[in-house]
There are 2 protein chains.
Amino acid sequence: MSFEELVFDVFARNCTSRPVMDTVASRWGILSLVALQDGTHRFNELRRRVDGVSEKMLSQTLHALERDGLVLRTVQSTIPPRVEYSLTDAGRRIATKLTELIELLEASMPDISVAQARYDEAR
Amino acid sequence: MSFEELVFDVFARNCTSRPVMDTVASRWGILSLVALQDGTHRFNELRRRVDGVSEKMLSQTLHALERDGLVLRTVQSTIPPRVEYSLTDAGRRIATKLTELIELLEASMPDISVAQARYDEAR
DNA sequence: CTGCATCCATAATGATACTG
DNA sequence: CAGTATCATTATGGATGCAG
């Protein structure tokens, strides 16, 4: 199976890259990937780190990222079970870029806050 | 009004950067910002470019980006009206980073497709 | 401990029709 | 052209119960 010669374009309505982008750039997808950048983490560890995520959404997000080959999930069938999540090489590359985006956005927040205040003022 | 001394953290549940990140990294937020990278565009131009977006979502997304100070909206009250959208400096910085993310993701799609096929195969 | 399954409430999204 | 309004559909979130 080879996809090498295909062109992927997120601007195209039915490109297969669209759902992948939706998963990666989703609210919890971004935070999950970035939270895994400093190494392996367990489920509830991630849950605490990604403040506000529900069990259900974190589980769903991690499975989607695993399916996309960005997150690796390893299970140790001990009692109690130990499930660990980490990034694949592709996942790490994307997480790095997401971190840059987050840093840029957080650095822009002062300007953004001022713009929002001005905008809301005007109505 | 000064926000300079505040720390913004998207990982915190109630940080004001969270909704901004949601807007920027939303399905249509990303594509709208990147579509505006090569200059000024009109509403229906963007609508054609961002394949699959509904009128409502494009309108909503552009308004949110305008409120965040990332997109500039200029109206010429002629008949028919001419409304133009472009990026602000902050918008341009973020759009540049989003473009890098898109390029990275599109370049990773061959690997991702293989991973998805393997994953789906296994169930 | 790590989750999946289910039910329910609410929010986001989309299709369509209509207006200045 | 550039939207808004309305309604239908879908996604998301919270709570709870249960299993390996």
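Because only heavy atoms are used, hydrogens play no part in the values below, and waters and symmetry mates are left out as well, while side chains stay in. Labels below follow one simple rule: chain letters A, B, ... track the order of the sequence lines, proteins then strands, and each chain is numbered from 1.
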Quiz item: Taking atom P of C:dT13 as reference, at what distance in whole Å does atom CZ of A:Arg27 sit?
Solution: 9 Å
Quiz prompt | N/O (side chain, A:Arg73) to phosphate O (OP1/OP2, C:dG3) under 4.0 Å | solution = yes
Quiz item: Taking for each residue the nucleotide of DNA chain D bearing the nearest heavy atom, is the 5' side occupied by A:Trp28 or by A:Pro80?
Solution: A:Trp28
Quiz item: Is the phosphate of D:dC1, meaning OP1 or OP2, less than 4.0 Å from a side-chain N or O of B:Arg42?
Solution: no
Self-check item: Pairing of A:Glu121 and A:Arg118 as salt bridge, 4.0 angstrom limit
Solution: no
Quiz item: Expressed in angstrom and rounded to an integer, what is the separation of B:Ile79 atom CD1 from D:dA2 atom P?
Solution: 14 Å
Practice problem: Provide, to the nearest angstrom, the distance between the CD atom belonging to B:Gln76 and the C1' atom belonging to C:dG20. | Solution: 17 Å
Practice problem: Using only side-chain N and O atoms of A:Ser77, determine if any of them is under 4.0 Å from OP1 or OP2 of D:dG20. | Solution: no
Self-check item: Atom-pair distance (CG on B:Asp22; P on D:dA11), nearest Å
Solution: 18 Å
Practice problem: Would you mind reading off the distance between B:Gln60 atom CD and C:dA11 atom C1', rounded to a whole angstrom? | Solution: 11 Å
Quiz item: Just one of B:Val24, B:Val20, B:Thr16 clears the side chain to side chain contact (heavy atoms under 4.5 Å, CB included) bar with A:Ile112, so which one?
Solution: B:Val20
Quiz item: Could you state the CD-C1' distance from A:Glu55 to C:dC7, rounded to the nearest angstrom?
Solution: 15 Å
Quiz item: Looking at D:dG3, does its base get a donor-acceptor pair with the side chain of B:Lys56 below 3.5 Å?
Solution: no
Quiz prompt | Contact nearer the 5' end of DNA chain C, comparing A:Arg13 with A:Glu84 | solution = A:Glu84
Quiz item: Expressed in angstrom and rounded to an integer, what is the separation of A:Arg82 atom CZ from D:dG20 atom C1'?
Solution: 17 Å
Self-check item: First of B:Arg48 and A:Met57 reached from the 5' end of DNA chain D, by closest nucleotide
Solution: B:Arg48
Quiz item: What's the CZ-C1' distance between B:Arg47 and D:dA2, to the nearest Å?
Solution: 11 Å
Quiz item: Does the side chain of B:Leu58 come within less than 4.5 Å of B:Trp28's, by heavy atoms?
Solution: no
Exercise. Determine whether A:Leu98 and A:Leu72 fall in the same hydrophobic cluster, where Ile, Leu, Val, Met, Phe, Trp and Tyr are linked whenever their side-chain heavy atoms lie under 4.5 Å apart.
Key: no
Quiz item: Atom CZ of B:Arg93 and atom CG of B:Leu33: how far apart are they, to the nearest 0.5 Å?
Solution: 13.0 Å
Practice problem: With the side chain of A:Phe43 defined as its heavy atoms from C-beta on, choose the nearest nucleotide among C:dG3, C:dC4, D:dA2. | Solution: C:dG3
Exercise. Establish, with yes or no, whether the OP1 or OP2 oxygen of C:dG3 is under 4.0 angstrom from a side-chain nitrogen or oxygen of A:Tyr85.
Key: yes
Quiz item: Want to settle it: does A:Glu45 or B:Gly52 sit nearer the 5' end of DNA chain C, counting the closest nucleotide to each?
Solution: A:Glu45
Quiz item: The side chain of A:Pro81 lies closest to which of these nucleotides: C:dC1, D:dG3, D:dC1?
Solution: C:dC1
Quiz item: Between C:dG3 and A:His63, is there an OP1 or OP2 to side-chain N/O distance shorter than 4.0 Å?
Solution: no
